K.L.:
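First the structure, which I've put down as structure tokens, then a few questions once you've had a look.
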Amino acid sequence: MAAEAGDKAFYVTTPIYYVNDAPHLGHAYTTVAADMIARWHRQRGERVWFLTGTDEHGQKVMRSAEAAGVEPSEWSDRLVETEWKPVLEVVDASNDDFIRTTEQRHVERVQRFWQALYDAGHVYEGRYEGPYCVSCEEFKIESELEDGQDGEKLCPIHGRPVEILSETNYFFRMSAFADRLLALYEEHPEFVQPESMRNELISFVRQGLQDLSITRSTFDWGIPVPWDPDHVLYVWIDALLNYVTAAGYSTNPEAFAQIWPADLHLVGKDIARFHAVIWPAMLMAAGIDVPRTVFAHGWLLVGGQKMSKTKLTGIHPRDIVDHFGSDAFRYYFLRAIQFGSDGSFSWEHMTAVYTSELANGLGNLASRVAAMVGRYFDGTLPKPTDHGPAEDVIAEKLADAARRADAAIDRFALHEALAATNELVGAVNVYVTEQEPWKVAKSDADSDRARLATILYTAAEALRAIAVLHNAVMPKASGALWESLGAAEQLGALAEQRVQDAGTWGQLPPGATVTKTAALFPRLPEEPAGS
RNA sequence: GGCGGGGUAGCUCAGGCGGUAGAGCAAACGGCUCAUAAUCGUUGUGUCGCCGGUUCGAGUCCGGCCCCCGCUACCA
């Protein structure tokens, strides 16, 4: 992409995923949403930086590694290579970088960050006090404790009473930033989205903030605290920094200035607070710009419940992609769920959407148009010499769909962007049916040939725009459609087509070679592969 | 307990500034035959969570109640 030197890139991130376990649909959902946004911005001609990665420190990873009988670093390496990196291929993610919190570039920069805050007086030594389970050898959090007899609090794993212990560790003076955070939410309503999450966080911060304990000394799988080697940094405090360490914080100011601040941190709603309270407070303390927007999406529900391994609803993305393909995976989750709200997933619903909208809708439209150009014009796109009112309607709908889709992306209404394009597909199917080109084709009269040519051109030109508008969600199928329209040799690579121009009528030049290719979305085998 | 969101056709959800309910999918019927048994058209259906109130008239406003979910700080 030709971007002026000095242009700031559009920087979008997913959370870095905790390597405690294998990826499930929830992770893939976030990745795919971020990926669509990244691809869309690239197709606006913007320079884009799309980051994802893995979070590898902390007690849970250490315990998982222990349970597997290997060192934490070995455990992480294995999961990253066999699960987390491969799943990006599975869902067709186009990330520009992948950061691991165990990488040297991250560790060094994190240490530099905290040393700076320590030097500036934002960190002090204090005592952390909390419920501790002797059997687990770790501190517990209030919310996970179970109630025992006469008010005792029990460890959920061992069922035995917890003790209140304290340890010395370091605290970040987060309490000092409450007012500045509230001012941020006030002055930049777009900082936390959706609105409901913003309200929740405002009421949370209004209650006042406590200082945050940022180090642990009871285990060592973490980044060493530079001024006190007996401590490691608390995972969150290390993990959040990935967004700046990957961007070159503290070592590469030129690169950093072109990427930071992040335009969008996409997160699940369960970790919104870390991203919209703790994270900006850390950045404020360091004198670094805060990100522009933290968007919290909803959860995927299976059978009405949040997905979880223990309830056997932790579906692996590959299970679905193997059956439906990566394009359909991406399309379904971004189209069927209002982005920001929780959404239900079921094989049945996904099958219904695939069949109706992709196979019978878009796929069949592409197929019938290509077949007719082949049959009636030997595969050469004819000139539309009889453009009339019916064609104007299609041209207008196309322009409208392109406008709506582009505007929807800026509101993170990904489902609306897809709905706009899907409606266009429907309109073109209606148009083709009403114009009855197969009947017009029965006559060799010049006026009928002109009409036939115009009908097929119109449908093909609409498909051209549909390929452009759907490229960010379904890069494979859109690319196949692009090829089938003969657009590549005429207009250049699909990825180079600007979404802003997608709605301009008449781009696909007559003379293009239209080929009927394999079905874009083949009919599915009877039984879902994974069920 | 407090705060917030939600309970609407078989399914997923819109509407929610009051005027006897909508979309998509699924279903039924009809048209068409270029196409992936596809496409197009037509059609139905709903005690709009429960009870009461205001009103000529209430999913839509008020009061009460029932159920579900989220937040109420250090699991990522």
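Small disclaimer: the values here were computed from a predicted structure and weren't measured. In the text below, chain A, chain B and the rest are named by the order of the sequence lines, each starting its count at 1.
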K.L.:
By the 4.0 Å heavy-atom rule, please label A:G268 as base, sugar-phosphate, or nothing.
P.N.:
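Nothing, no heavy atom under 4.0 Å.
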
K.L.:
In whole angstrom, give me the gap between the C1' atoms of B:rA37 and B:rC32.
P.N.:
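Between the two C1' atoms, the distance is 14 Å.
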
K.L.:
With rounding to whole Å, what would you report as the distance between B:rU55 and B:rU60 at their C1' atoms?
P.N.:
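B:rU55 and B:rU60 have their C1' atoms separated by 13 Å.
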
K.L.:
Would you say that A:T13 contacts A:N242 through its side chain, given a criterion of any heavy-atom pair below 4.5 Å between the two side chains?
P.N.:
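They are not in side-chain contact.
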
K.L.:
In whole Å, I'd like the distance from the OH atom of A:Y234 to the P atom of B:rA73.
P.N.:
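Rounding to the nearest Å, OH of A:Y234 and P of B:rA73 are 14 Å apart.
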
K.L.:
State yes or no: are the ring centers of A:F345 and A:F333 separated by less than 6.0 Å?
P.N.:
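Here the rings of A:F333 and A:F345 have centres that are less than 6.0 Å from each other.
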
K.L.:
Report yes or no: is the cationic atom of A:R449 (NZ for Lys, CZ for Arg) closer than 6.0 Å to the six-membered ring centre of A:Y376, at no more than 45° off its axis?
P.N.:
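A:R449 over A:Y376 ring: no.
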
K.L.:
Sticking with atom C1', work out how far B:rU8 lies from B:rG59, rounded to a whole angstrom.
P.N.:
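My reading of the C1' atoms in B:rU8 and B:rG59 gives 7 Å.
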
K.L.:
Please say whether the positively charged group of A:K85, taken as NZ for Lys or CZ for Arg, lies over the ring of A:F98, i.e. under 6.0 angstrom from the six-membered ring centre and within 45 degrees of the axis.
P.N.:
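The answer is yes, since A:K85 meets both limits relative to A:F98.
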
K.L.:
Can you tell me whether the base of B:rG59 sits syn or anti, using the 90° cut around 0 to define syn?
P.N.:
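B:rG59: syn glycosidic orientation.
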
K.L.:
In terms of the angle between their ring planes, are A:H297 and A:Y29 parallel, tilted or perpendicular, with boundaries placed at 30° and 60°?
P.N.:
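Rings of A:H297 and A:Y29: perpendicular, as their planes differ by over 60°.
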
K.L.:
For the C1' atoms, the ones on B:rA9 and on B:rA27, what distance do you get once it is rounded to whole angstrom?
P.N.:
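Going atom to atom, C1' in each nucleotide, I get 12 Å.
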
K.L.:
Counting any heavy atom closer than 4.0 Å, what does A:N20 reach on the DNA or RNA strands: base, sugar-phosphate only, or nothing?
P.N.:
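The answer is nothing, as A:N20 stays clear of every strand by at least 4.0 Å.
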
K.L.:
Determine, for A:Y128 and A:R216, whether the Lys NZ or Arg CZ falls below 6.0 Å from the six-membered ring centre while staying within 45 degrees of the axis.
P.N.:
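Pair A:R216/A:Y128 counts as cation-pi.
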
K.L.:
In whole angstrom, give the distance that lies between atom CD of A:E200 and atom C1' of B:rG6.
P.N.:
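In whole Å, B:rG6 C1' lies 14 Å from A:E200 CD.
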
K.L.:
Rounded to whole angstrom units, what separation is found between the CG atom of A:L334 and the P atom of B:rU12?
P.N.:
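Going from A:L334 (CG) to B:rU12 (P), I get 20 Å.
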
K.L.:
If you apply the rule side chain to side chain contact (heavy atoms under 4.5 Å, CB included), what do you find for A:E56 with A:L79, and how did you get there?
P.N.:
CA-CA 10 Å; A:E56 308 181 15; A:L79 273 166; over 6 Å; no

K.L.:
What does A:Q207 touch in the nucleic acid at a heavy-atom separation under 4.0 angstrom: a base, only the sugar-phosphate, or nothing?
P.N.:
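Since only primed, P, OP1 and OP2 atoms lie under 4.0 Å of A:Q207, the category is sugar-phosphate.
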
K.L.:
Within the structure shown, what part of the strands sits under 4.0 Å from A:Y128 by heavy-atom distance: base, sugar-phosphate, or nothing?
P.N.:
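Contact class for A:Y128: base.
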
K.L.:
Return the 5'-most residue of the pair A:R216, A:R368 with respect to RNA chain B, ranking by each residue's nearest nucleotide.
P.N.:
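Counting from the 5' end, the first nearest nucleotide belongs to A:R368.
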
K.L.:
B:rA73 C1' sits how many Å from A:F274 CZ, rounded?
P.N.:
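Whole-Å distance recorded here is 8 Å.
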
K.L.:
Hey, does A:L365 reach any base, or is it just sugar-phosphate, or nothing, if we go heavy atoms under 4.0 Å?
P.N.:
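Here A:L365 touches no strand at all.
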
K.L.:
Once you apply a heavy-atom cut-off of 4.0 Å, does A:A371 come out as touching a base, just sugar-phosphate, or nothing?
P.N.:
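Sugar-phosphate, no base atom in range.
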
K.L.:
Counting only side-chain heavy atoms from C-beta out, which of B:rU36, B:rU33, B:rU39 sits nearest to A:S367?
P.N.:
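Nearest nucleotide to the side chain: B:rU36.
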
K.L.:
Describe the nucleic acid contact of A:G58 in one word from base, sugar-phosphate, nothing, applying a heavy-atom distance below 4.0 Å.
P.N.:
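Result for A:G58 = nothing.
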
K.L.:
In which stems does RNA chain B show up, taking only runs of three or more Watson-Crick or G-U wobble pairs whose two distances fall under 3.5 Å?
P.N.:
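Stems (3+ consecutive pairs) listed as B:1-7 with B:66-72, B:10-13 with B:22-25, B:27-31 with B:39-43, B:49-53 with B:61-65.
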
K.L.:
What is the separation between atom OH on A:Y354 and atom C1' on B:rU12, rounded to the nearest whole Å?
P.N.:
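The answer, rounded to whole Å, is 21 Å.
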
K.L.:
At under 4.0 Å between heavy atoms, what does A:S356 touch on the DNA or RNA strands: base, sugar-phosphate, or nothing?
P.N.:
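Result for A:S356 = sugar-phosphate.
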
K.L.:
For a quick test of reading the model: is some side-chain N or O of A:Q338 closer than 4.0 Å to OP1 or OP2 of B:rA14?
P.N.:
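The answer is yes; a side-chain N or O of A:Q338 sits under 4.0 Å from OP1 or OP2.
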
K.L.:
Round to the nearest Å and state the distance from A:E423 atom CD to B:rG24 atom P.
P.N.:
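Going from A:E423 (CD) to B:rG24 (P), I get 10 Å.
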
K.L.:
To the nearest angstrom, how far is A:Y431 atom OH from B:rC34 atom C1'?
P.N.:
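So the OH-C1' distance, A:Y431 to B:rC34, works out to 14 Å.
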
K.L.:
Side chain of A:T433: nearest nucleotide among B:rC34, B:rC40, B:rC74?
P.N.:
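Ranking B:rC34, B:rC40, B:rC74 by closest atom to the A:T433 side chain puts B:rC40 first.
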
K.L.:
Quantified in whole Å, what is the P atom distance between nucleotide B:rU54 and nucleotide B:rG15?
P.N.:
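Comparing P positions in B:rU54 and B:rG15 gives a spacing of 30 Å.
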
K.L.:
Base, sugar-phosphate, or nothing: which does A:M174 touch, judged by heavy atoms less than 4.0 Å apart?
P.N.:
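Result for A:M174 = base.
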
K.L.:
Which nucleotide, B:rC74, B:rA76, B:rG31, lies nearest any side-chain atom of A:D270?
P.N.:
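Between B:rC74, B:rA76, B:rG31, the one nearest the side chain of A:D270 would be B:rA76.
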
K.L.:
Both A:K439 and A:S196 contact RNA chain B. Which one's nearest nucleotide lies toward the 5' end?
P.N.:
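Nearest-nucleotide comparison on RNA chain B picks A:S196.
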
K.L.:
Could you measure between the two P atoms, the one in B:rA26 and the one in B:rC67, and give it in whole Å?
P.N.:
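Pairwise P distance, B:rA26 against B:rC67, rounds to 37 Å.
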
K.L.:
The test is ring pair (Phe, Tyr, Trp, His ring centres under 6.0 Å); show your working for A:Y331 and A:H470 and say whether it passes.
P.N.:
CA-CA 9 Å; A:Y331 182 86; A:H470 265 342; 5.8 Å; yes

K.L.:
For atom C1', what is the distance between B:rA58 and B:rG49, given to the nearest Å?
P.N.:
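Rounded to whole Å, the distance is 16 Å.
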
K.L.:
Give a yes/no answer on whether the side chain of A:N360 brings an N or O atom under 4.0 Å of OP1 or OP2 in B:rU39.
P.N.:
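A:N360 to B:rU39 OP1/OP2: side-chain N or O found under 4.0 Å.
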
K.L.:
A:I278 near the nucleic acid: base, sugar-phosphate alone, or nothing, with a heavy-atom cut-off under 4.0 Å?
P.N.:
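Nothing, no nucleic acid heavy atom in range.
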
K.L.:
Within this structure, what is the CG-to-P distance between A:L212 and B:rA76, rounded to whole angstrom?
P.N.:
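Roughly 11 Å, once rounded to whole Å.
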
K.L.:
Taking the six-membered ring for Trp, are A:H323 and A:W347 parallel (under 30°), tilted (30 to 60°) or perpendicular (over 60°)?
P.N.:
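Taking A:W347 first and then A:H323, their aromatic rings stand perpendicular (interplane angle over 60°).
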
K.L.:
For B:rU36 and A:K516 - does any side-chain N or O of the residue sit under 4.0 Å from the phosphate oxygens OP1/OP2?
P.N.:
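Yes.
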
K.L.:
Is there a donor-acceptor pair closer than 3.5 Å between any side-chain N or O of A:T14 and the backbone N or O of A:T31?
P.N.:
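Checked: no pair found.
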
K.L.:
Kindly say if A:W236 contacts the phosphate of B:rA76, meaning a side-chain N or O under 4.0 Å from OP1 or OP2.
P.N.:
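For B:rA76, OP1 or OP2 has a side-chain N or O of A:W236 closer than 4.0 Å.
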
K.L.:
Between B:rC11 and B:rG1, how many Å separate the two P atoms, rounded to a whole number?
P.N.:
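Pairwise P distance, B:rC11 against B:rG1, rounds to 30 Å.
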
K.L.:
Which of these nucleotides, B:rC34, B:rA37, B:rC74, is closest to any side-chain atom of A:Q210?
P.N.:
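Selected nucleotide: B:rC74.
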
